[in-house]
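Inspection log for the structure reproduced underneath, given as structure tokens.
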Amino acid sequence: MEKLADIEALDTMNEFIINWLNRDCFFESDKSYRYLFSYLMRTKKYEDISSYASNKFLPNSLYYAHPEALIRRNYESFLSVAKKTQNWSLFIYASELNRAINTTSSEEHHSQFLDNFELYFEAICLIYGVEKANALLYFNGEKNHSDSVTAQAFRILEKQGYSPKWEDVNGLFLGKVKQDDFKYYISFLNQKNDDFLAFLKKVIYHEDKTYLRIFLDEIFRLKGSDFLIYLHSKLTDIEKESTGLIINNLFERESCSARIPIRVETNVTLELLSLPLISENVDNDELDRFCSQLELYSDNDLNSLICFEKTITSDFIVHSWIKFFIRNLIIGKTCNGSSLEEGIIQSFALLADDMINFPRARYSSFLFDNRGLIDRSFEQALVHINSQLAWKTIFDIRRKIVFPILPTIENRFLNENNINFVIKAYDSFDEEDCDYYEHSQHSFKKAIYYAKVGDIEKAKLELKKAIHLTTSYTSRKDRNLAEVIEPLPSINNINPSFAKEYTKKLKYLTDAVMKHTEDGKDTRWLTIEWFEVFIKIDFEQATKYLINQMLTNGYFWKLDFMFVDLLQHSDNVEPSILNFLYKLSPTNIKDTYLNDFLEVIERLEKNDDKLAKASMVNLSARDWNDSYDTLSQKTVHKYNNIAHKLGLNLHLEESKEKSTGVHRSFGNEKLSIKLTTKLCKEDSLRSKLTPDLVDYLVSQEVLGNDNLNYLYFFFKEENNTELANEILLPLIRKRFPRGQEYFTNLRMLIQGITISDRDKVFLLVNNFVYSKDGWFSSFVDRESLLQAVMIDRDITQNCLASALYTFSKNMDYSSKTTANLIIAFEYVGFDEQTILSMYETGFDFIKSRLPDENEFEWESLNYIEISEMNDDERAITLLLSKANNLDSLVQREIICALSYLVKNYTNLLIKPLNWFFNNFHLFHHSTIASILELISIEIEQLKPLLLEIKPSIGKLIGVQNLYIHNVVESIFCELSNE
């Protein structure tokens, strides 16, 4: 029909379809989500497509269960628009969207959404109904998701009373059924009215009894207890014996009164009760056997059990739990009715009291290693809790118990008397600094519970929040924040005020990463990397920030790295002051630290060799053999030279460099053969056909000089542009290149060959786009882009849009795409406003994935008045801020530094000490007393200084510390004699 229509009629038809698709919500309508962008592309309504490129695109897509394939199709539409309109900010958006999909929603990698799919789909069923939920799984009769995901949804629908089409996932049941899929297979057989008796007989004899337990669980869920009893009655005696106890345990676990009559051993042997020699690391099997004996005693000798419980002391968490377990057995045998409920509550209260003795109980290995046994004990206790008042009491003491009882309540005992308490418990979790992944699970569950109590609007809000948190910043290797940290120096070159503003904003995002993601080896350095950039962009503000952190959070381990980073950018500070500052990192054994400290000592030696020697002796006492951060030979050599120059008998062993010379031993091999191997090619590249040549070159791990030289002269001889493209483009787009040097060599080759300017630009741009370093960071060879721009800016931009489209469309996961593209644009001199817009787009997207509440305000740093200080005075103020670290080595070095400064640089102390006493309330009394003691000793030399800062010292008069009060009075008395 489209082929027969003229252009005007076709445009009219497309407009009609667009209007029709726009009638429904884009995300809610399957048709709109699938087809709208394609029709907008046909009519060149690029702005309309761009309007959907919001930070909520992925969460909204997942909320309506759109599969990854459709999400990626629309992602490619964003790329197409970016290419056609040369919208570089949209390329940045697409890059971050792709990263979010890969790290949170991709089946191929790890999908946090699919991890929580069952919670999500149950919430959908309860909020929107089972018909709507089932409709999300299909489009025009075709499944939207994989068989595995669809089967999860079917099981939820089945639990909600809806009968799904299990035959649609029969692909899971072809051949041997996986254990994870076995529960779905039972539902599939149930819908087919299969012979369950015959199937049960097969399962009984399966070597893995897990299949039998799954089968019985599912039959009980689908058919009920009567059908299970009927199946059991049709078994042989041997088969009955192997299944009866399992069925009865199932009935007990599900609080079902039915039981299979089984033979009970009448002659029970009771072992002598004695507490096993157990602490936290209890043997699971031993504890299980012990608990079985306790249950036998409760049935056969209750008095002995009561006496035994009284002998147990709560020395360990496991002992407290055993007492709890025994109490519940006793209560179950001696109480009934309301007294039974009261007894269980009292037992929980006693367990909570015991936990006071174990402040780190939540980290006990006992809780993790014996989770099944612990959960069973709670199930046996909570089955007796019925009234709302009793449940309220249980929830009041729940957090004191430490043991995880909430999952047990949710899975087994959720009812109208406790569901609101469960919701409140999850509300309290929102106030904790959990990972986003945990917060998302909490919101999923709250959505389900709100729906169950009929509060649908709150349920919808929680479900949207859960989806948002699911697509938030992940943990461990997700270093997305580096994408907006690293370009800041380039942004600073364009617009310093813009860079300062966003540097401050980044502080909140680094805090969010620390609070809500796993602070693992890959993400833990982001805060330090941010501070390194902060120093370069706004040194004064960075200094104020660090001083504040030293005063308010002095023991935070990252501050020591920030402190040393700041010192490395303090070249204008007097060497003696820098020397003391470096010594305030008394355990640092990193190469960069030692190298920079040695440079300070080298400068210091010219003015005060005594102080320089003291610092070298200080460094000699440290262990420099850290296997994780070995010293470079350059640093070791510098250390030894300075020690020798100062006349110190100090020496670090220098390891011998491995010889890199050519191995000259030819053995018995003929010299002619050896020379041929070393200098010649066995197979001439000239003899290869072009496809074979390309395959050969791509297969080479390193593109050596011999291959590069051959290509250079080959292209010179051939003088064929198409041939150059045919050979070089596969080399440029090689999937796993060997580091950045590979692309540097290719760039030099491209620049050296004779081809048209357009083709040279095309190859250089591709070389930039596909360039990677050793860590597979993208867009690293920005020199290629610069060379292309110097040839023709317009052609470069056209080629760049096409290359970025192709690269991004086929890109799996690549780091630094946002950061390095922005850095490259600034490097080659592209439009400044475009670059700022690109940065804003990347920042806003990443910020949307880091939701957090932060009370820090930059205005709170105004008390640190260092703008009127010179570099040396700021450095002394920084030294004073370190005083809140009460480590004896640090305290000693601060007093030594101040004593040195009193004798040599008294005037430099006026402003720092004035600030110190004005803010005395931020310091420990011992620090204040130490500094006052130093002042009283050196008072004769310090009288001019003290007269200037007397008003600030006078603020100490009201301090509730008699020693400080007396020293101040003594100082003022001395000054009054002037």
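Below, all heavy atoms of this structure are taken into account, side chains as well, without hydrogens, waters or symmetry copies.
- Between the Gln891 side chain and the Ala883 main chain, a donor and an acceptor come within less than 3.5 Å of each other.
- Taking the six-membered ring where the residue is Trp, Tyr582 and Tyr593 present tilted rings, their angle falling between 30° and 60°.
- Asp538 is linked by a side chain to side chain donor-acceptor pair (under 3.5 Å) to nothing, counting only residues two or more places apart in sequence or in another chain.
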Please tabulate, for the side chains in residues 542-549, all donor-acceptor contacts under 3.5 angstrom to protein atoms that are two or more places apart in sequence or on a different chain.
residue: Thr543; atom: OG1; partner: Phe539; partner atom: O; Å: 2.8
residue: Tyr545; atom: OH; partner: Lys507; partner atom: NZ; Å: 3.2
residue: Asn548; atom: OD1; partner: Tyr863; partner atom: OH; Å: 2.8

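- Proximity of a side-chain donor or acceptor of Ser899 to a complementary backbone N or O of Cys896 within less than 3.5 Å is not detected.
- The closest side-chain heavy-atom distance from Phe923 to Leu551 is below 4.5 Å.
- Of all non-hydrogen atoms in Ile485 and Pro489, the two that sit nearest each other are O-CD, 4.1 Å.
- With Asn919 contributing its side chain and Trp915 its backbone, the two residues share a donor-acceptor pair below 3.5 Å.
- Between Ile601 and Ser615, the shortest heavy-atom distance links the atoms CD1-CB, 3.8 Å.
- A perpendicular orientation is assigned to the rings of Phe429 and Tyr426, their planes being inclined by more than 60° (bins at 30° and 60°).
- Counting only residues at least two apart or in different chains, salt bridge (charged side-chain N to carboxylate O under 4.0 Å, His left out) contacts with residues 881-909 comprise Asp560-Lys882, Lys583-Glu893, Lys903-Glu938.
- Phe920 has its ring centre no less than 6.0 Å from the ring centre of Phe916.
- A 4.5 Å side-chain heavy-atom check between Thr927 and Leu886 finds at least one atom pair inside the cut-off.
- With sequence neighbours excluded, the residues that form a salt bridge (charged side-chain N to carboxylate O under 4.0 Å, His left out) with Glu540 are Arg874.
- Remark: Glu432 pairs with Arg399 by the salt bridge (charged side-chain N to carboxylate O under 4.0 Å, His left out) rule, at least two apart or across chains.
- When atom types are taken as modelled, the side chain of Tyr473 and the backbone of Val513 share no donor-acceptor pair closer than 3.5 angstrom.
- Between the side chain of Asp608 and the main chain of Leu604, no donor-acceptor pair closer than 3.5 Å is present.
- In this structure, a donor-acceptor pair under 3.5 Å is present between the side chains of Tyr905 and Glu574.
- Side-chain contact check for Thr104 and Thr471: no donor-acceptor pair (N or O, by modelled atom type) lies under 3.5 Å.
- The two residues Asn884 and His924 make their nearest non-hydrogen contact at OD1-N, 3.7 Å.
- Not a single donor-acceptor pair under 3.5 Å links the side chain of Asp435 to the backbone N or O of Tyr437.
- Closest approach of Lys558 and Thr527 over heavy atoms only: NZ-OG1, 4.0 Å.
- Residues Phe843 and Leu506 form a side-chain contact, since some pair of their non-hydrogen atoms from C-beta on lies under 4.5 Å apart.
- Counting only heavy atoms from C-beta outward, the side chains of Tyr63 and Lys460 approach each other to under 4.5 Å.
- A side-chain donor-acceptor contact under 3.5 Å links Thr841 to the backbone of Ser837.
- The backbone N or O of Thr834 lies less than 3.5 Å from no partner atom in the side chain of Tyr839, so there is not a single donor-acceptor pair.
- With sequence neighbours excluded, the residues that form a side chain to side chain contact (heavy atoms under 4.5 Å, CB included) with Asn907 are Ile910.
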ring-ring contact (aromatic ring centres under 6.0 Å, His included) evaluation trace for Phe534 with Trp858: CA-CA 14 Å; Phe534 193 8; Trp858 285 101; 5.6 Å; yes
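- Shown here are the ring-ring contact (aromatic ring centres under 6.0 Å, His included) partners of Tyr436, two or more places apart in sequence or in another chain: His516.
- With hydrogens and angles ignored, the 3.5 Å screen pairs no side-chain donor or acceptor of Ser860 with any backbone N or O of Phe856.
- Residue pairs meeting the salt bridge (charged side-chain N to carboxylate O under 4.0 Å, His left out) criterion with at least one partner in residues 488-502, sequence neighbours excluded, are Glu501-Lys505.
- More than 12 non-hydrogen atoms from other residues, nucleotides or ligands lie less than 6.0 angstrom from NZ of Lys515.
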Verdict with reasoning, Leu821 to Ile92, per side-chain contact (heavy atoms from CB on, under 4.5 Å): CA-CA 8 Å; Leu821 190 61; Ile92 295 292; 3.9 Å; yes
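- Lys950 forms a cation-pi arrangement with Phe972, by the criterion of a distance under 6.0 Å to the ring centre and an angle within 45° of the ring axis.
- For Lys847, there are no salt bridge (charged side-chain N to carboxylate O under 4.0 Å, His left out) partners, not counting sequence neighbours.
- Residues satisfying the salt bridge (charged side-chain N to carboxylate O under 4.0 Å, His left out) test with Asp565, not counting sequence neighbours, are none.
- Aromatic rings of Trp557 and Phe563 (six-membered ring for Trp) have centroids beyond the 6.0 Å cut-off, not under it.
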Ile577 vs Leu879, side-chain contact (heavy atoms from CB on, under 4.5 Å): CA-CA, chis, key distance, verdict: CA-CA 9 Å; Ile577 299 173; Leu879 181 141; 5.5 Å; no
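- For Asn966, the side chain to side chain donor-acceptor pair (under 3.5 Å) criterion is met by no residue, not counting sequence neighbours.
- Looking at Ile423 and Tyr450, their side chains come closer than 4.5 Å, going by heavy atoms from C-beta outward.
- Closest of all the heavy-atom pairs between Asn820 and Ser777 is ND2-CB, 4.1 Å.
- Remark: Ser497 engages Asn495 in a side chain to side chain donor-acceptor pair (under 3.5 Å) (not counting sequence neighbours).
- Between Glu974 and Leu946, the closest side-chain pair of non-hydrogen atoms is not below 4.5 Å.
- For the residue pair Ser443 / Glu462, a side-chain donor-acceptor distance below 3.5 Å is found, with atom types taken as modelled.
- Within the 4.5 Å cutoff, the side chain of Tyr900 has heavy atoms near those of the Ser576 side chain.
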Worked verdict on Ser440 versus Gln112 for side-chain hydrogen bond (donor to acceptor under 3.5 Å, both in side chains): CA-CA 10 Å; Ser440 69; Gln112 292 184 183; 5.7 Å; no
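- Formation of a donor-acceptor pair under 3.5 Å by the Glu483 side chain with backbone atoms of Lys816 is found in this model.
- No hydrogens or angles considered: nothing links the side chains of Asn607 and Arg603 as a donor-acceptor pair under 3.5 Å.
- Between Arg479 and Glu529 there is a salt bridge, since a side-chain N of the basic residue sits under 4.0 Å from a carboxylate O of the acidic one.
- A salt bridge does not link Lys911 to Glu868: none of the charged side-chain nitrogens sits closer than 4.0 Å to a carboxylate oxygen.
- In plain terms, the two heavy atoms of Leu908 and Glu873 that are nearest each other are O-CG, 3.6 Å.
- Side-chain atoms of Phe917 and Lys955, non-hydrogen and from C-beta on, never get closer than 4.5 Å to each other.
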